[in-house]
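Please read all numbers here as calculations on a predicted model, not as lab measurements. Numbers for residues simply follow the sequence, beginning at 1.
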Amino acid sequence: MALLVVAEDDGDIRDVLLRLLSRDGHTVIAADNGATALQEVLTRPGVEAVVTDIDMPQMSGLELCRRIRANEERACLPVILVSGSLMPGDQRPRQVEATALLPKPFRPAELLGCLREALASGHTPGRQPCVCGGKAGAAA
């Protein structure tokens with residue numbers, strides 16, 4: 001399946017994401033902050049998507065997404081922002097051109113479905129981020 005970079009500063013959540021995505025057949029590179037994730041994205045060939053928390057030390061998921069979009073070679077990489085802190089109407093995911101948003105808490109099937117959709121359709125510059133999951137209206 002896909003080679004993914006997962007950025008999550010909470011070790012327990014990161015472990016759950018790694019197990020879930022690995023069991024679904026993906027190869028997962030784990031990062032505990034956005035800066036480490038960016039390094040992996042820029043130096044590791046074949047990365048097909050990024051799943052990132054928003055609130056992290058050293059570099060937020062929003063800044064990670066912004067820097068990916070600024071890199072000519074990686075600008076169209078799908079980036080899924082996962083967060084429990086976004087308020088309705090928050091425009092930051094759109095401003096950084098996230099591919100999709102997944103509000104926490106989420107069910108495993110919601111993450112996998114969101115990832116499958118992002119991998120299948122890719123990233124379209126300027127498109128409103130897709131909101132995945134059962135709380136789809138809450139964060140958009």
Side-chain angles (χ1 to χ4, degrees):
M1 302 266 310
L3 175 60
L4 310 173
V5 172
V6 172
E8 170 60 64
D9 61 316
D10 183 299
D12 292 336
I13 295 172
R14 190 173 55 248
D15 289 344
V16 168
L17 290 171
L18 291 173
R19 279 195 309 272
L20 174 64
L21 295 168
S22 295
R23 286 181 184 160
D24 198 48
H26 302 287
T27 301
V28 182
I29 301 164
D32 62 1
N33 62 68
T36 302
L38 182 63
Q39 170 114 10
E40 292 292 346
V41 166
L42 297 180
T43 61
R44 181 103 37 162
V47 173
E48 297 175 61
V50 175
V51 177
T52 181
D53 187 21
I54 289 182
D55 299 314
M56 295 183 292
Q58 296 185 26
M59 182 187 294
S60 72
L62 293 165
E63 183 62 21
L64 170 61
C65 188
R66 182 178 290 114
R67 292 200 187 183
I68 290 170
R69 297 294 173 245
N71 182 279
E72 192 173 304
E73 294 177 13
R74 301 293 189 169
C76 286
L77 189 69
V79 177
I80 299 171
L81 296 176
V82 181
S83 180
S85 66
L86 287 176
M87 299 299 293
D90 192 326
Q91 292 300 303
R92 294 176 301 163
R94 183 179 185 162
Q95 292 165 352
V96 299
E97 294 192 44
T99 308
L101 267 182
L102 181 61
K104 290 179 183 174
F106 56 84
R107 293 186 312 262
E110 292 171 333
L111 172 62
L112 296 176
C114 188
L115 178 60
R116 285 185 192 114
E117 177 66 26
L119 288 169
S121 61
H123 176 74
T124 303
R127 188 177 84 192
Q128 176 82 10
C130 172
V131 180
C132 307
K135 297 181 181 179

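- Nearest approach of Leu64 to Gly34, heavy atoms of both residues: CD1-O, 3.6 Å.
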Exercise answer: donor-acceptor pairs, residues 79-87 side-chain atoms, under 3.5 Å, sequence neighbours excluded:
| residue | atom | partner | partner atom | Å |
| --- | --- | --- | --- | --- |
| Ser83 | OG | Ser85 | N | 2.9 |
| Ser83 | OG | Ser85 | OG | 3.0 |
| Ser85 | OG | Asp55 | OD2 | 2.7 |

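- Expressed to the nearest 0.5 Å, how far OG1 of Thr27 lies from CG of Leu18 amounts to 11.5 Å.
- Atom CG of Leu42 is separated from atom CD of Glu73 by 8.5 Å, given to the nearest 0.5 angstrom.
- Partners of Arg67 according to the salt bridge (Lys or Arg N to Asp or Glu O under 4.0 Å) rule, which considers only residues two or more places apart in sequence or in another chain, are Glu63.
- Across all non-hydrogen atoms, the minimal contact from Arg74 to Val47 is NH1-O, 3.7 Å.
- Applying the salt bridge (Lys or Arg N to Asp or Glu O under 4.0 Å) criterion to Arg69, with sequence neighbours excluded, gives no partner residue.
- Closest non-hydrogen pair, Pro103 versus Cys132, comes out as CD-O, 3.2 Å.
- No donor-acceptor pair closer than 3.5 Å links the side chain of Glu72 to the backbone N or O of Ala70.
- The CE atom of Met56 sits 9.0 Å away from atom CD1 of Ile54, with the distance rounded to the nearest 0.5 Å.
- Counting only residues at least two apart or in different chains, salt bridge (Lys or Arg N to Asp or Glu O under 4.0 Å) contacts with residues 4-22 comprise Glu8-Lys104.
- Nearest approach of Pro93 to Leu62, heavy atoms of both residues: N-CD2, 4.2 Å.
- With sequence neighbours excluded, the residues that form a side-chain contact (heavy atoms from CB on, under 4.5 Å) with Gln58 are Asn33, Ala35.
- For His26 (side chain) and Ala2 (main-chain N/O), a donor-acceptor pair under 3.5 Å exists by modelled atom type.
- Closest heavy-atom contact between Cys65 and Val96: SG-O, 3.2 Å.
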Worksheet item: Given Arg127 and Thr99, is the side chain to side chain contact (heavy atoms under 4.5 Å, CB included) satisfied, shown in steps?
Response: CA-CA 8 Å; Arg127 188 177 84 192; Thr99 308; 4.2 Å; yes
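- Within the structure, every pair that satisfies the salt bridge (Lys or Arg N to Asp or Glu O under 4.0 Å) test and touches residues 33-52, not counting sequence neighbours, is listed here: Glu40-Arg44.
- With hydrophobic clusters built from ILVMFWY side chains whose heavy atoms lie under 4.5 angstrom apart, Val51 shares a cluster with Ile13.
- Atom-to-atom distance recorded for Leu17:CG and Ser22:OG is 10.0 Å, nearest 0.5 angstrom.
- Listed by chain and residue number, nothing satisfies the side-chain contact (heavy atoms from CB on, under 4.5 Å) test with Pro45 (two or more places apart in sequence, or in another chain).
- Considering every non-hydrogen atom in both Ala37 and Ala7, the closest pair reads CB-CB, 3.7 Å.
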Distance-only criterion, 3.5 Å: show the donor-acceptor pairs between side-chain atoms of residues 111-121 and protein atoms not counting sequence neighbours.
| residue | atom | partner | partner atom | Å |
| --- | --- | --- | --- | --- |
| Arg116 | NH2 | Asp24 | OD1 | 2.8 |
| Arg116 | NH2 | Asp24 | OD2 | 3.2 |
| Ser121 | OG | Glu117 | O | 2.8 |

